[in-house]
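Below you'll find the structure, written out as structure tokens, and then a few comments.
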Amino acid sequence: MVNRIVVGAHYGLKDWLIQRLSAVVMAIYAVLFVVQVSALPSFDLAHWRALFAGGFMRVASLLFLLALVYHAWIGVRDIFMDYVKPAGIRLLLHTVTVLFLAGCLGWGAQILWRVQ
Amino acid sequence: MPDATAERVRPKFLTLTEIRLPLPGFVSILHRLSGAGLFLCLPFVLYLFDLSLESEASFRSFQALVSGTFVKLVLFGLIWAFLHHFCAGIRFLLLDVHKGVDLPRARRSAGAVLVVSLVLTLFAGIWLW
């Protein structure tokens, strides 16, 4: 048994809550995205670009990406906590995950803001 | 008389090929697997998104790429992973607020998640190709 003295409260509650809130954000965006794409007169570069050039979808997409990155971090961290026991390897995997997700976020933001 | 002080040896049964998960357990592990798959394929999806928006030439190579059989299969898998994760996620959110927690309803909703995500994947496939 782990002899841990518990002081304070809500261990992990913040992450648990953020995982659910980010899920709701992504679900709303997913529905919005499908509606917007099916409303395109035709799928060509001009219409596809116009979708993201408008301020609303650009910001909404960034919020989606932010939610995704945080959501994925909590999920992948939980997977590593469940299956990877050696602390060193786990720390390495956590670090790689954070860097990977931060990179994806930066790349995604760059793609969105480059659209004219 | 059993010795109450002796530590009880609990049976361990972790033969992955022989474990038969109940339906909700199956949905749960698929939720994890689909999430991991989506996470790993994130750079590929961003790459496709980048190609689709950058220029006329890149848009054409995007179209050529997504009409290839292998990429189509990968995308089909990713769409299923997303839809399964989406449907199972909604089920988990409902369970969090104590909706459908009793066993018969939890089993039915788990089955519904599997069926609905597969049907939606099929529709998405027909719609896209």
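The chains referred to below are lettered A, B, ... by the order of the sequence lines, with proteins before strands, and numbering in each begins at 1. Please read these numbers as outputs of a predicted model, since none were measured by experiment.
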| said: Test side chain to side chain contact (heavy atoms under 4.5 Å, CB included) on B:Val97 and B:Leu93; report intermediate values, then the result. | reply: CA-CA 7 Å; B:Val97 292; B:Leu93 284 175; over 6 Å; no
| request: Check whether A:Arg49 gets within reach of chain B through its side chain, its backbone, both or neither, counting any heavy atom under 4.5 Å. | output: both
| task | Begin with the C-alpha distance, continue with both residues' side-chain angles, and end with the deciding distance and a verdict on side chain to side chain contact (heavy atoms under 4.5 Å, CB included) for A:Leu101 and B:Phe39. | result | CA-CA 9 Å; A:Leu101 286 171; B:Phe39 165 75; 3.7 Å; yes
| Segment of B:Phe86 engaging chain A (4.5 angstrom heavy-atom cut-off) | side chain
| said: Shorter than 4.5 Å, heavy atoms on both sides: which option in A:Ala23, A:Ala27, A:Ala72 has the most such pairs with chain B? | reply: A:Ala27
| query | A:Tyr29 and A:Met57: side chain to side chain contact (heavy atoms under 4.5 Å, CB included), yes or no, with the steps? | reply | CA-CA 9 Å; A:Tyr29 178 87; A:Met57 266 311 257; 3.9 Å; yes
| said: Salt bridge check, A:Asp78 against B:Arg32: does any charged N sit closer than 4.0 Å to a carboxylate O? | reply: no
| request: Would you give the length of the straight line joining atom OG of B:Ser52 to atom CG of B:Leu65, rounded to the nearest 0.5 angstrom? | output: 11.0 Å
| request: Determine, step by step, whether B:His84 and B:Leu33 satisfy the side chain to side chain contact (heavy atoms under 4.5 Å, CB included) criterion, reporting the C-alpha distance in whole Å, the side-chain angles of both residues, the deciding distance to 0.1 Å, and the verdict. | output: CA-CA 10 Å; B:His84 178 85; B:Leu33 282 172; over 6 Å; no
| field | Per-residue contact mode, A:Trp107 against chain B (heavy atom under 4.5 angstrom) | value | side chain
| query | Which one of A:Phe43, A:Trp48, A:Phe52 has the most heavy-atom pairs closer than 4.5 Å to chain B? | reply | A:Trp48
| Considering only heavy atoms, which portion of A:Phe100 lies under 4.5 Å from any heavy atom of chain B: side chain, backbone, both, or neither? | side chain
| message | Less than 4.5 Å to any heavy atom of chain A: does that hold for the side chain of B:Phe92, its backbone, both, or neither? | response | neither
| Side chain / backbone / both / neither for A:Trp16 at chain B, heavy atoms under 4.5 Å | side chain
